[in-house]
Amino acid sequence: METKKRKISIIGSTGSIGTQALEVIEKLQDKFEIIALAGGSNTELLKQQAEKFNPRFIYAATPVSVTGIKTVESLEEICSNKENDIILVAVSGKIGLKPTLKAIENGIDIALANKETLVMAGDIVMKKAKENGVKIVPVDSEHCAIHQCIKDITQVEKLIITASGGPFLHKSVADMKNATVEQALAHPRWHMGKKITVDSATLMNKGLEIIEAHHLFGFDYNKIDVVVHPQSVVHSAIEYVDGSVIAQLGLPSMHIPIQYAITYPERFEGIKSKSFSFAEIARLDFEKPDFEKFPCVKLAYQAGKTGGTATVCLNAANEEAVFAFLDGKIKLYNIYEITAEMMSQHKVIEHPTIDEIFAVDNEVRRLTREYIDKLIQRVR
Ligand code: NDP
Ligand code: MG
């Protein structure tokens with residue numbers, strides 16, 4: 001008997017996660033019907049995707065039109081369409097937050113790749129999801145791993161998030177300080193969008209993931225550990241109160257967590273490069289993260305523990321600094337210094353509304369850009 005197709009929209013379909021999601025959907029074409037695809041400025045790719053997958057609606061930040069397909073006005077319009085069973089939020093940065101909230105208000109389940117949504121407004125998003133009976137299934141591989149490990153969350157003692165360590169794991173601090181954009185973008189395990197790749201080099205990505213885990217699973221920060229695991233085979237683990245540790249393993253591929261999140265609770269044979277073999281992997285290494293070399297992790301713990309708009313500030317300052325690094329304006333190490341400075345200046349609002357979150361986000365970005373400009377002038 002044929003099962004009902006799951007109606008899905010992908011916001012951020014032209015990005016790294018979005019394109020891999022479409023590969024999964026292509027493989028599982030009898031399981032999905034695409035309602036909408038949306039992207040930013042890569043309208044060429046969006047058009048190709050629309051022609052191939054024939055969604056009912058498209059949206060792009062840069063105006064786009066495809067014959068026979070309706071163009072909608074906003075991501076929010078897509079996320080208000082109750083025909084959707086699930087929406088994959090795969091845009092990067094703060095633009096993920098409002099559409100996610102819209103989907104939740106409309107009772108639509110979420111496959112969440114966009115971690116910034118939870119870093120900026122985790123308390124509000126998770127509360128609303130609960131009130132509306134909406135499932136949020138994480139795409140981020142570590143959280144997806146934890147999601148798969150948890151059977152009874154009340155018996156879990158702590159979460160153990162693995163980190164590949166990025167391209168500078170065994171390089172000197174000096175190498176890291178002088179890293180070029182190219183070196184920072186050369187991630188040893190994952191091919192991802194530029195922003196998250198730089199975050200993986202500074203390990204801020206891990207910091208954001210700690211905050212993401214806190215919100216998704218409701219654990220205190222002192223119950224969320226990070227361990228460096230360069231092979232990226234153990235995607236994360238949990239420890240139960242009785243000392244049993246359950247980990248989720250797999251070959252490093254984002255197809256697997258993306259597929260898990262959009263098909264949950266079902267599983268299908270999807271894109272699997274080959275069968276898993278412990279013997280072929282041969283060894284799995286683990287080491288303590290070096291918080292002195294990667295201070296961004298500490299900064300994120302601190303922001304998380306402070307709560308309120310501290311994580312909004314962390315996210316906004318870091319993102320602006322990453323953009324400045326990608327533009328060749330600052331060095332990799334400045335990202336930490338700039339973010340730490342913005343954090344120290346920030347006056348935290350403990351229980352912000354969404355409007356206050358966006359106001360803080362805007363203000364911190366403005367201050368960060370101003371600070372970066374001064375920094376550049378000083379160096380000249
Ligand atoms: P990319 O930069 O590759 O993709 C971002 C997507 O967002 C693109 O489709 C882009 O469109 C779209 N976009 C940008 N601006 C707008 C806008 N104004 N309106 C609509 N769409 C817009 O990022 P990734 O795929 O790497 O990451 C996406 C999210 O997933 C991030 O939050 C990241 O942290 C998270 N994530 C990613 C992982 C990965 O392996 N890549 C792993 C875990 C989490 P366009 O290209 O057309 O401009
Ligand atoms: Mg991750």
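Only heavy atoms go into these numbers, but all of them, side chains included; no hydrogens, no water, no symmetry mates. Start at 1 and go down the list; that is how both ligands and their atoms are numbered. Just so you know, these numbers come straight off a predicted model, no measurement behind them.
Atom 4 (O) of ligand 1 has as its closest protein heavy atom Gly15 CA, 3.2 Å. Protein heavy atom in closest approach to atom 34 (O) of ligand 1: Lys115 CE, 3.3 Å. Protein heavy atom in closest approach to atom 40 (O) of ligand 1: Met192 CG, 3.2 Å. Nearest non-hydrogen protein atom to atom 27 (O) of ligand 1 is Ile17 CG1, 4.2 Å. Of the protein's non-hydrogen atoms, the one nearest atom 29 (C) of ligand 1 is Val91 O, 3.3 Å. In this structure, atom 26 (O) of ligand 1 lies nearest to the protein heavy atom Gly193 N, 2.8 Å. In terms of protein heavy-atom proximity, atom 43 (C) of ligand 1 is nearest to Asp140 OD1, 3.1 Å. Among protein heavy atoms, the minimum distance from atom 32 (O) of ligand 1 is reached at Glu116 OE1, 2.7 Å.
Between Asp225 and Lys158, at least one side-chain N (NZ, or NE/NH1/NH2) sits under 4.0 Å from a carboxylate O, which counts as a salt bridge. Note on Lys177 versus Asp175: no salt bridge recorded, every NZ/NE/NH1/NH2 to OD/OE distance being 4.0 Å or above. A salt bridge does not link Glu77 to Lys102: none of the charged nitrogens lies less than 4.0 Å from a carboxylate oxygen. The pair Arg365-Asp361 meets the salt-bridge criterion, since a charged nitrogen lies less than 4.0 angstrom from a carboxylate oxygen. With respect to Arg56 and Glu83, a salt bridge is recorded, a charged nitrogen being found less than 4.0 Å from a carboxylate O. Using a cut-off of 4.0 Å between Lys/Arg side-chain N and Asp/Glu carboxylate O, Arg6 and Glu33 are scored as not salt-bridged. Comment: Lys206 engages Glu142 in a salt bridge, judged by a side-chain N to carboxylate O separation of less than 4.0 angstrom.
Close N/O approach between Asn42 and ligand 1 is found [any backbone or side-chain N/O within under 3.5 Å]. Considering backbone and side-chain N/O atoms, Gln20 never comes within less than 3.5 Å of an N/O atom of ligand 1. Backbone and side-chain nitrogen or oxygen atoms of Ile95 are examined, and none is located within less than 3.5 angstrom of a nitrogen or oxygen of ligand 1. Residue Gly93 places no N or O, backbone or side chain, under 3.5 Å from any N or O of ligand 1.
Between the side chains of His191 and Ser16, no donor-acceptor pair is found at a separation under 3.5 Å. Side-chain polar atoms of Gln231 and Asp285 form a donor-acceptor pair below 3.5 angstrom.
Checking each of Lys115, Glu212, Gln148, His215 against His143 for a side-chain hydrogen bond (donor to acceptor under 3.5 Å, both in side chains) leaves exactly one that passes, namely Glu212.
For His229 and Phe286, the ring centers sit closer than 6.0 Å to each other. For an aromatic pair to be called close, the ring centres must be under 6.0 Å apart, and Phe57 with Tyr59 fails this.
Each of the atoms 26 (O), 33 (C), 34 (O), 36 (N), 37 (C), 38 (C), 42 (C), 43 (C), 44 (C) of ligand 1 lies under 4.0 Å from some heavy atom of Ile196. Taking every non-hydrogen atom of Ser41 and a distance limit under 4.0 Å, the qualifying atoms of ligand 1 come out as 45 (P), 47 (O), 48 (O). Taking every heavy atom of Met254 and a limit of under 4.0 angstrom, the matching atoms of ligand 1 come to 40 (O), 42 (C). The contact set between ligand 1 and Thr14, taken as ligand atoms under 4.0 Å from a residue heavy atom, comprises 8 (C), 9 (O), 10 (C), 11 (O), 45 (P), 46 (O), 47 (O).
Restricting Glu209 to its N/O/S atoms, the shortest distance to the Mg ion (ligand 2) is reached by OE2. Take the N/O/S atoms of Glu142: the one nearest the Mg ion (ligand 2) is OE1. Taking the N/O/S atoms of Asp140 in turn, the shortest distance to the Mg ion (ligand 2) belongs to OD1.
The option from Gly96, Ala90, Ala61 that lies nearest to atom 6 (C) of ligand 1, judged by heavy atoms, is Ala90. The heavy atom nearest to atom 19 (N) of ligand 1, out of those in Ala38, Gly39, Ala60, Cys144, is found in Gly39. If you check each of Ser92, Ser200, Ser13, Ser16 against atom 5 (C) of ligand 1, the one with the closest non-hydrogen atom is Ser92.
Atom CD of Glu131 is surrounded by more than 12 heavy atoms from other residues, nucleotides or ligands within 6.0 Å.
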